[in-house]
Protein chains: 2
Amino acid sequence: MVLDPSAQLNDVFHALAHPARREILRRLFDGEQNLSELSAPLKMSFPAASKHVRVLEKAKLVRRRIEGRSHLCRIDAKPLGKANDWLEGYRRLWEESFQRLDAVLEEMKAQEKKHGRRR
Amino acid sequence: MVLDPSAQLNDVFHALAHPARREILRRLFDGEQNLSELSAPLKMSFPAASKHVRVLEKAKLVRRRIEGRSHLCRIDAKPLGKANDWLEGYRRLWEESFQRLDAVLEEMKAQEKKHGRRR
DNA sequence: GGTATATTAAACCATATGGTTTTAGATCCG
DNA sequence: CGGATCTAAAACCATATGGTTTAATATACC
């Protein structure tokens, strides 16, 4: 069905790459909202906001339920799990880099204790 | 210095949205490589690959050390930690969705046991 | 110096992205 | 019916993206 197995991941990461779309997701986190409600706080026209929602739908991060003239949007976080799975493989790497930072900070503290605070 | 605090996150997610760039990262995971080595397995011209590396550099996911005519690239996973932090806020949501899936599968298994396998 | 190698830069192209405004459909409501 | 509301669709625009090919630059090597 899906030709490129990583195509979904492309769509998810691309969807997350725009702050307006992340804001939309953040607000959907608290529950369903229709397009008007979603677009209102965004500093752009309604059609622009609507297009962002479509990008989220393509990434299957948002599902739409039409009720009369209101299009109710709901978050579906499953694809975020896929993104998380991909990141997971690198967790050791970025955690190590924070450990190294911690080590530096510890070293600085130790130096402070030994020689007293400077400046 | 950074006008939009989410700009880094935009760059990171955008960088991850292309399979060639994810592949580059995956290979840098195993250690430093220069541009020629990185571009060789990609089905595109050298300049195209070089541009992808620039996108990764802009997202601070890759650092470059020039040694003679060889540009050695090294992964820096810290920005992936930022991406992970953002995702973290939604973890509960996607885990719940998997639990629901598990519940459905459990239910199906229980039915199987009760009534025997059909077909 | 001369040649091969690694990389950048430039020019170009097609398509995508992100926005706008305007027009057109549905649907609700008095 | 008629008007207000919610949304889509279309047309348009500027810029970005992702690729190419060709030229230029810098380094290594004989």
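Letters A, B, ... mirror the listed sequences (proteins, then strands); counts begin at 1.
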Taking atom P of D:dA8 as reference, at what distance in whole Å does atom NE2 of A:His52 sit? 14 Å

Of the nucleotides C:dT20, D:dG19, C:dT7, which one has an atom closest to the side chain of B:Ser70? C:dT7

Let me know the distance between CG of B:Leu72 and P of C:dA6, rounded to the nearest Å. 12 Å

Protein-nucleotide distance (B:His71, atom NE2; C:dT5, atom C1'), rounded to Å: 12 Å

Within the supplied structure, the quantity of interest is the number of heavy atoms (other residues, nucleotides, ligands) at a distance under 6.0 Å from A:Arg74 CZ; does it exceed 12? no

For the atom pair CG (B:Leu93) and CG (A:Asp76), what is the distance rounded to the nearest 0.5 Å? 8.5 Å

As a test of reading the structure: which of C:dT27, C:dT7, D:dG18 is closest to the side chain of A:Arg69, going by heavy atoms? C:dT27

What is the distance, to the nearest angstrom, from the CG atom on A:Asn34 to the P atom on D:dA8? 10 Å

Considering just the side-chain nitrogens and oxygens of B:Arg64, establish if one lies under 4.0 Å of OP1 or OP2 belonging to C:dA6. no

Euclidean distance, B:Arg63 CZ relative to B:Leu72 CG, rounded to 0.5 Å: 12.5 Å

Looking at B:Leu38, B:Leu61, B:Val55, which hits side-chain contact (heavy atoms from CB on, under 4.5 Å) with B:Ile24? B:Leu38

So if I take residues 35-49 of chain B and measure heavy-atom distances to DNA chain D, which residues fall below 4.0 Å? B:Met44, B:Ser45, B:Pro47, B:Ala48

Between B:His18 and D:dG19, is there a contact of a side-chain N or O with OP1 or OP2 at under 4.0 Å? yes

Given DNA chain C, 5'-ward residue of the pair A:Ala20 and B:Arg54, judged by closest heavy atom: B:Arg54

Would you mind checking if A:Arg65 and A:Glu67 are paired as a salt bridge, meaning a charged N to carboxylate O distance below 4.0 Å? yes

For the student: nearest non-hydrogen atoms of B:Arg92 and A:Phe29, plus distance: NH2-CZ, 3.5 Å

Distance below 4.0 Å between B:His14 side-chain N/O and C:dT17 OP1 or OP2: no

Point-to-point distance, once rounded to the nearest 0.5 Å, from CG of A:Leu35 to NE2 of A:His52: 12.5 Å

Spacing of A:Glu37 atom CD and A:Glu32 atom CD [to the nearest 0.5 Å]: 10.0 Å

Looking only at non-hydrogen atoms, find the nearest pair between B:Trp94 and B:Leu87 and report the distance. CZ3-O, 3.4 Å

Just how far, in rounded Å, is P of D:dC12 from NZ of A:Lys51? 14 Å

Measure the angle between the two terminal helix axes of the helix from C:dG1-D:dC30 to C:dG30-D:dC1, five base pairs each, and quote it to 10°. 10°

